[in-house]
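Below: one structure, written as structure tokens.
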Amino acid sequence: MISRNISGCRAPQLDRNFFLGLLNKATCLSHLTQTHAQIILNGYQNDLAAVTKLTHKFSDLKAMRHARDLFLSIPRPDLFLFNVVIRGFAANAAPFSAISLYTHLRKNTNLKPDKFTYAFAVSAASGFKDEKYGILLHAHSIVDGLGLNLYVGSIVVDFYFKLSRVELAQKVFDGLPEKDTVLWNTMISGLVRNCYYADSIRVFGDMVVGGMGFDSTTLAAVLPAVAELQELKAGMGVHCLALKAGYHSDVHVLTGLVSLYSKCKELETARLLFGHISRPDLICYNAMIAGYTCNNETESSVSHFKDLLASGEKVNSSTIVGLIPVSSPFGHLHLTGSLQTFCVKSGIVSHPSVSTAFVTVYCRLNEIESARQLFDQSKEKTLASWNAMISGYTQNGLTETAISLFREMMSEFSPNPVTVTSILSACAQLGAISLGKWVHGLIKSKNLESNIYVLTSLVDMYAKCGSIVEARKLFNSMTEKNVVTWNAMISAYGLHGDGHEALKLFTEMLHSGISPSAVTFLSVLYACSHAGLVREGEEIFDHMVHNHGFEPLPEHYACMVDILGRAGKLEKALDFIKELPVEPGPPVWGALLGACMIHKNTELARVASERLFELDPDNTGYYVLLSNVYSADRNFPKAASVRQVVKNRNLAKTPGCTLVEIGETPHVFTCGDRSHPQAKAIYRMLDKLMGKMAEAGFQTETVTALHDVEEEEKELMMKVHSEKLAIAFALIETAPGTEIRIFKNLRVCLDCHNATKFISKITERVIVVRDANRFHHFKDGVCSCGDYW
DNA sequence: TTAGGGTTAG
């Protein structure tokens, strides 16, 4: 075959192998197009081997248009060429073209797809949000007898992981008769990417114990999981395996180890390992910088950052994120500001993960408006950005804003486990059970039910919304429970005043082999305090210090004061405070003040509050508590004068409000609220109730008791509290005999507590009240708390 | 076909 060059002269025909060799060497697009031209000139444009190699090269250089045109120029492409082009589309983010070509191959040719066709087509299908294409391809591969092929199987497993269909990935993995290291590695990394850390470690264990050879990829894949769970012992095991198998100098493994030891607070080891990396790349540096930051050694992280900049090495968004003091923001406001300036100047602030980290810091510093501003300004919002803002609101108590932002997010993103746990936390804070149930439905439809965070939040939400039975049912159904899961269930019983059940569960937890945390003891102690279990509380405290070697935190001391104080042992509580090895802080004195309110001890209340006003002068809660102590002692003028201090000093009070759900609609009432459309009927109902209550012997403060109180303050104190309004409204709106559930954001006052007892008797209703502290179940004029609130 | 660093949660 003779070809002509452009001038029309005969060109000497070159050997096709010469071009094939030339193609192998082509490294850039211009080089490749030149070779392409020469191939045409020499008449090899229909040579399948040359065209296939060219197509392959074009797709490697992201020139899919050239690759496609070449493919179309061949009248009868073979399977290999089809595969090359499908692979090219898959690798160049053109899933639709890849799948179309696959469909064309099936429908319009006699060619039979092989394992490569399926592997490339399935990997293309992971580019679609819709999982149906991949599932269909998987089915086709089974029909074609390739369902059990190791190569196809590995790609299918990876596909299901990319779409977060963890259970399907697991099923395919289990069904493959032959498994190699790559497949096991795919399984481990897929689980890690989907936050199934404990499972990935388990699979790694199965792999090693089962005698399957592992490589450096295996170790590098499992290390982030171990680091995330801060499983230092398991991490050291992985480190030993790396040493034994000779992977201890592998840069991926070493970086993973640096990160692991940093997260486990073993900074020295991390530093040592980092020093052993001969030429650390940017990722190693980033791991080390983040390691210093999370161990609160910001000076070292900043100096490493400066070294990087001085060396001329480019930094990236991960470097910055690792520098932002997310875990210990307080005291690092200046650093945060400087970093933000750097990021704005360099333009790196537009990177979604950077702005997300800043949003998080500002939320933790309670600078919620700055956070929102940053969030609004960020052009490219990821799911993590939304999650950071939503959880920022819930953690700052702005639950309703969190929920409305969540609704906004839903039109753009599908929620992940982080989103739903944040929203469930908002529901739990609000007592919004209808929304909580709706989120539960959403969790089922999104297949998020196997996530331990999600399930624990559901247990917490049901318990805090009053459905302890539902919470326990879920808890029992969980196959995997960690310390936080147990803590949630134990504090649920504490919240409901069931101290004995909490203690029983605590014993069960110890038997199950889960080590208790400081929070566990706090939950058990709270349960004891709410149930009046003084002896048990003292035993647990002793157990914690002597058997478990925990150094009590200020919260533990406060809890002990609470236990003694609520039980009326006020003097003993004061002695306990005096003997503390540390200076008692506001929580300890606050607990004593709370106990003084229950037992109407104004003298000791004065002592406690004097300390509190010194230690935490801007906290209005303590003024309110002291005022309530005086009110409980019917000393209204004194109560009013304490409230006046708050007003004179212009301190912000948290307004009290009560929520009640009728059907699925929440209704919120504030003190003296007349804004509700049915306000008239509500006040009529209250008048009727007050009459009946008076007949039954209920005493409320009279106007004469308030004669020394200033007019404005008097009006406020006479106003009807939101609890009573919510109960009256529920009585109007629900059928006789229906249980009433209300949620108060602050602690219920003595007057409302007594009134609710009377109302439950008069109306023959069960009334469940959740306040900032716990649940009260009122029935037949008695409260489950035994007035022990 | 698989791998290392960072941000979001109970």
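Just so it is clear, the values below take in all heavy atoms, side chains as well, and ignore hydrogens, waters and symmetry mates. Numbered from 1 within each chain, the chains take letters A, B, ... in sequence-line order. Bear in mind the structure is a predicted one, so any value in this text is a computation, not a measurement.
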Out of [options], which nucleotide sits closest to the side chain of [X]?
X        : options              : result
A:Gln395 : B:dG10, B:dT7, B:dT2 : B:dG10
A:Thr485 : B:dT7, B:dG10, B:dG4 : B:dG10
A:Ala388 : B:dT8, B:dG4, B:dG10 : B:dT8
A:Ile452 : B:dG10, B:dT7, B:dT1 : B:dG10
A:Asn387 : B:dT1, B:dT8, B:dG4  : B:dT8
A:Ile155 : B:dT1, B:dA3, B:dT8  : B:dT1
A:Asn185 : B:dT1, B:dT2, B:dT7  : B:dT2

In whole angstrom, what separates [X]'s [atom1] from [N]'s [atom2]?
X        : N     : atom1 : atom2 : value
A:Tyr151 : B:dT2 : OH    : C1'   : 12 Å
A:Met207 : B:dT2 : CE    : C1'   : 10 Å
A:Leu383 : B:dT8 : CG    : P     : 13 Å
A:Asn316 : B:dG4 : CG    : C1'   : 13 Å
A:Leu374 : B:dT7 : CG    : P     : 17 Å
A:Tyr393 : B:dA9 : OH    : C1'   : 18 Å
A:Ile390 : B:dT8 : CD1   : C1'   : 10 Å
A:Gln429 : B:dA9 : CD    : C1'   : 13 Å

Please state whether the phosphate of [N], meaning OP1 or OP2, lies under 4.0 angstrom from any side-chain nitrogen or oxygen of [X].
X        : N     : value
A:Arg364 : B:dT7 : no
A:Ser391 : B:dA9 : yes
A:Arg193 : B:dG4 : no
A:Ser123 : B:dT1 : no

Look at all strands and tell whether [X] reaches a base, only sugar-phosphate, or nothing, counting heavy atoms closer than 4.0 Å.
X        : result
A:Lys464 : nothing
A:Pro224 : sugar-phosphate
A:Ser216 : base
A:Ala290 : sugar-phosphate
A:Asn482 : base
A:Ser457 : sugar-phosphate
A:Asn487 : nothing
A:Thr186 : sugar-phosphate
A:Ala384 : base
A:Ser317 : base
A:Ser189 : sugar-phosphate
A:Phe413 : nothing
A:Val326 : sugar-phosphate

- Do A:Asn296 and A:Ser328 have side-chain N/O donor and acceptor atoms under 3.5 Å apart?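 A:Ser328 and A:Asn296 do have a side-chain donor-acceptor pair below 3.5 Å.
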- With no hydrogens and no angle check, is any side-chain donor or acceptor of A:His138 less than 3.5 Å from a backbone partner on A:Gly134?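 Side chain of A:His138 to backbone of A:Gly134: no pair is present.
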- Within the distance-only criterion (no hydrogens, no angle test), does the side chain of A:Thr485 pair as donor or acceptor with the backbone N or O of A:Thr456 below 3.5 angstrom?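 Not confirmed, A:Thr485 side chain does not pair with A:Thr456 backbone.
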- Query: Where do A:Arg472 and A:Tyr462 land on the side-chain hydrogen bond (donor to acceptor under 3.5 Å, both in side chains) test, with the steps shown first?
  - Reply: CA-CA 9 Å; A:Arg472 184 60 193 255; A:Tyr462 277 116; over 6 Å; no
- Ring center gap for A:Phe406 and A:Trp386 short of 6.0 angstrom: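 No - the distance between ring centres of A:Phe406 and A:Trp386 does not fall below the 6.0 Å cut-off.
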- Under 6.0 Å between ring centres, would you say that holds for A:Phe305 and A:Phe342?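 Here the rings of A:Phe342 and A:Phe305 have centres that are less than 6.0 Å from each other.
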Atom pairs and distances, donor-acceptor, side-chain atoms in residues 447-454 of chain A, under 3.5 Å, two or more places apart:
unit_1, atom_1, unit_2, atom_2, d
A:Ser450, OG, A:Tyr196, OH, 2.6
A:Asn451, OD1, A:Tyr453, N, 2.8
A:Asn451, OD1, A:Val454, N, 3.1

- Return the 5'-most residue of the pair A:His351, A:Cys195 with respect to DNA chain B, ranking by each residue's nearest nucleotide.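 The 5'-side residue here is A:His351.
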- Can you name the side chain to side chain donor-acceptor pair (under 3.5 Å) partners of A:Ser301, sequence neighbours left out?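 By the side chain to side chain donor-acceptor pair (under 3.5 Å) rule, A:Ser301 matches A:Thr293.
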- Item | B:dG4 base / A:Asp250 side chain donor-acceptor hit below 3.5 Å |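 Side chain to base: no pair present.
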- Message: Given the structure, check if the side chain of A:Thr456 and the base of B:dG10 hold any donor-acceptor pair shorter than 3.5 Å.
- Response: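 Per atom types, the contact qualifies.
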